2 protein chains.
Amino acid sequence: MLDIVKEEPGIGVGALASSFDVSRIAVMKHLTVLEGANLIVSEKDGRTRRLYFNAAPIQMIHDRWTTDYSAYWAGQLTRIKYLAEAREEQNKTKKGKSKND
Amino acid sequence: MLDIVKEEPGIGVGALASSFDVSRIAVMKHLTVLEGANLIVSEKDGRTRRLYFNAAPIQMIHDRWTTDYSAYWAGQLTRIKYLAEAREEQNKTKKGKSKND
DNA sequence: TCGACATGTAACTAATAGGTTACATATAAA
DNA sequence: TTTATATGTAACCTATTAGTTACATGTCGA
């Protein structure tokens with residue numbers, strides 16, 4: 001839904017709904033959630049409600065969770081990398097024989 | 001929940017649950033959702049399951065929705081993500097039943 | 001003014017989420 | 001070996017969501 005709204009800024013509710021197999025009302029319910037999260041903002045243009053993608057909340061979440069990004073991120077990637085390597089090690093061990101731990 | 005896990009990398013499930021008014025099982029249900037989204041990754045340490053915050057999905061969403069994806073970064077993150085997912089998948093499989101592949 | 005178009009609201013049903021308690025299993029400590 | 005600790009699973013109940021159809025309201029075009 002966000003893909004479509006981003007690709008076609010100003011698209012109407014009905015036009016957006018036509019891209020899905022569910023009813024227009026179902027799409028409107030999803031829209032309400034996305035508007036509540038400020039990911040989509042709208043403005044009335046006659047009888048059409050025009051929809052626009054809003055990246056601000058994603059930017060805010062990114063800023064919040066990646067503050068001190070370089071240092072933290074490097075550490076996190078390293079940790080995940082080690083977890084993955086440990087998994088591969090264990091995988092080799094299990095294939096060799098029945099698990100013994 | 002993410003705040004706590006980020007502040008205390010390696011925290012156990014029970015310790016995390018003690019910060020909330022709901023039961024440990026309720027917290028575990030939320031954890032399952034966060035792990036499914038790869039926002040939290042875990043590793044077993046004896047009888048304790050240690051939890052770690054993973055900013056990668058947020059970075060990926062940010063990259064997707066706010067800038068063009070850099071080929072290098074996408075490849076790097078995706079590779080590590082798949083490794084972590086594979087580890088989690090195996091972890092689930094081991095705990096779910098005695099799968100012997 | 002009337003018909004067409006676009007959207008909004010209400011009421012309903014089915015499915016899912018959220019939380020609980022009880023019990024089981026694995027691991028560490030005594 | 002036994003007890004304690006940490007976690008996982010199952011079954012249950014309640015609240016909320018997801019989707020539907022029908023109808024209402026607002027705006028534009030003829």
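What you are looking at is a predicted structure, and each value in this text was computed from that prediction instead of being measured. Chain letters run A, B, ... following the sequence lines, proteins first and then strands; every chain starts at 1.
- For A:His30, the side-chain atoms get nearest to D:dA18 when compared with the rest of C:dG18, D:dA18, D:dG8.
- In this structure, the CG atom of B:Leu51 is 9 Å from the P atom of D:dG8, given to the nearest Å.
- In this structure, CD1 in B:Ile11 is found 15.0 Å from NZ in B:Lys6, a value given to the nearest 0.5 Å.
- Summary of the strand contacts: B:Val13 and B:Lys29 both lie near DNA chain D, and taking for each the nucleotide with the nearest heavy atom, the more 5' one is attributed to B:Val13.
- Atom NZ of B:Lys44 and atom P of C:dA26 are 10 Å apart (whole Å).
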For B:Met1 and B:Asp3, run side chain to side chain contact (heavy atoms under 4.5 Å, CB included): C-alpha distance rounded to whole Å, both residues' side-chain angles, the deciding distance at 0.1 Å, then the answer.
CA-CA 5 Å; B:Met1 197 167 290; B:Asp3 278 318; over 6 Å; no

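- Atom pair B:Asp45:CG and C:dA26:C1' shows a separation of 13 Å (rounding to whole Å applied).
- If you measure from atom CD1 of B:Ile11 to atom C1' of D:dA6, you get 13 Å, rounded to the nearest angstrom.
- Helix bend of the helix from C:dT1-D:dA30 to C:dA30-D:dT1: the angle between its two end axes, each built from five pairs, comes to 30° after rounding to 10°.
- A donor-acceptor pair shorter than 3.5 Å cannot be found between the side chains of A:Gln59 and B:Thr66.
- Between A:Asn54 and A:Leu39, every side-chain heavy-atom pair lies at or beyond the 4.5 Å cut-off.
- Using a 4.0 Å cutoff on non-hydrogen atoms, the parts of residues 14-27 of chain B near DNA chain C are B:Val22, B:Ser23, B:Ile25, B:Ala26, ordered by number.
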Side-chain donor-acceptor pairs of residues 24-31 of chain A under 3.5 Å, sequence neighbours excluded:
none

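- The interatomic distance linking A:Arg47 (CZ) with C:dA6 (P) rounds to 6 Å, in whole Å.
- By the 30° and 60° cut-offs, the orientation of the rings of A:Phe53 relative to B:Trp65 is tilted.
- Inter-residue side-chain proximity for B:Met60 and B:Asn38 is flagged as unmet; no heavy-atom pair is nearer than 4.5 Å.
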